[in-house]
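This report concerns only the one structure given below.
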Protein chains: 2
Amino acid sequence: MASAKTTEFSESEQQLATFAKALAHPARIAILKILAAQNECICGKIVEVLPLAQSTVSQHLKELKTAGLIKGTIDGPKSCYCINWDAFEAVNKEFGFLFSSLQKEKGKACC
Amino acid sequence: MASAKTTEFSESEQQLATFAKALAHPARIAILKILAAQNECICGKIVEVLPLAQSTVSQHLKELKTAGLIKGTIDGPKSCYCINWDAFEAVNKEFGFLFSSLQKEKGKACC
DNA sequence: TTAACTTATCGTTTTTTTACGATAATTCAA
DNA sequence: TTGAATTATCGTAAAAAAACGATAAGTTAA
């Protein structure tokens, strides 16, 4: 009967999947690019540029914020969003770590 | 009325999102780790290790294959899956490119 | 050939994601 | 204070993802 399925997914696997999910929509990648390119974190501008309704953009922003990739502050009637560089650096490193750890075994490939 | 929402998402944004989606589930990350760690690409072993039904694992494998991250060959009654290192290297570079291009603007952050 | 084994696919259900319009809440300008 | 502007949230609908059991299709060993 072989071994039991006792292995739940590890913390790091879950966290990586969470970050990947945050990046798993072109609108959210576009938002990150916009936030990075503009020195002002104008939120309304994003709605103008993206082919999505304001409420949908707001939802994507919320997901990015929940994932920790961006942070937002209230600026008068407007909202100011920015990339959370600390978290972003962490994600970058985690992905890099995954990639490099996978590649260590590269030589053994059989197909 | 500002500018029209003519900007669809770019090719690179869509492709990145597709790859991210492939990584957006802990089971698929776990599968990649298993494939990388074993010098044999035994498929059935994955089912034993993961807390998922065989059909579900098969589905995840198919998604990874569709995304191009792995490739599979038939080995008798069994199936042999391996990481597609070429594609993987491409993904790695694309992510790295995204991260570094975003970070170029880092100094301008406003919040 | 038959039986056992391995894996993909099918059908289905449940959950999550994506999207929108409408509305509420907040702030600034008149 | 009123009105315009901005954004978040609510309610909802449609689409996609995730999961499972059952089944089919293939291969090897007896």
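In what follows, every chain begins at residue 1, and chains take the letters A, B, ... in the order their sequences are listed.
To the nearest angstrom, P of C:dT17 lies 13 Å from NZ of A:Lys62. Going from atom NZ of A:Lys45 over to atom C1' of D:dT6 covers 12 Å, rounded to whole Å. Counting to the nearest Å, the C1' atom of D:dA19 and the CD1 atom of B:Ile31 are 13 Å from each other. When the P atom of D:dA8 is taken as reference, atom CG of A:Leu61 falls 7 Å away, rounded to whole Å.
Remark: side-chain polar atoms of A:Thr18 are paired, donor with acceptor, to backbone N or O of A:Gln14 under 3.5 angstrom. A donor-acceptor pair under 3.5 Å is formed between the side chain of B:Ser100 and the backbone N or O of B:Gly96. Side chain of A:Asn84 to backbone of A:Gly68: a donor-acceptor contact under 3.5 angstrom is found. Counting only distance, with no hydrogens or angles, the side chain of A:Glu89 and the backbone of A:Asp86 share no donor-acceptor pair below 3.5 Å. Between the B:Thr66 side chain and the B:Lys62 main chain, a donor and an acceptor come within less than 3.5 Å of each other.
The aromatic rings of A:Phe9 and B:His25 lie perpendicular to each other, with more than 60° between the two planes, well past the 30° mark.
Closest of all the heavy-atom pairs between A:Arg28 and A:Ala22 is NE-O, 2.8 Å.
Between B:Ser58 and C:dA8 there is a side-chain N or O to OP1 or OP2 distance below 4.0 Å. For B:Tyr81 and C:dT6, the shortest distance from a side-chain N or O to OP1 or OP2 is not below 4.0 Å.
Across the helix from C:dT1-D:dA30 to C:dA30-D:dT1, the helix axis at one end is tilted relative to the axis at the other end by 20° (nearest 10 degrees, each axis from five pairs).
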Revision key, fill the gap. Contact string for nucleotides 18-30 of chain C, one letter per nucleotide 5' to 3', B = base within protein heavy-atom range under 4.0 Å, S = sugar-phosphate only, - = neither, reads BBBBB----SS--
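In terms of the side chain to side chain donor-acceptor pair (under 3.5 Å) criterion, residue partners of B:Ser12 (sequence neighbours excluded) are, by chain and number, A:Lys33.
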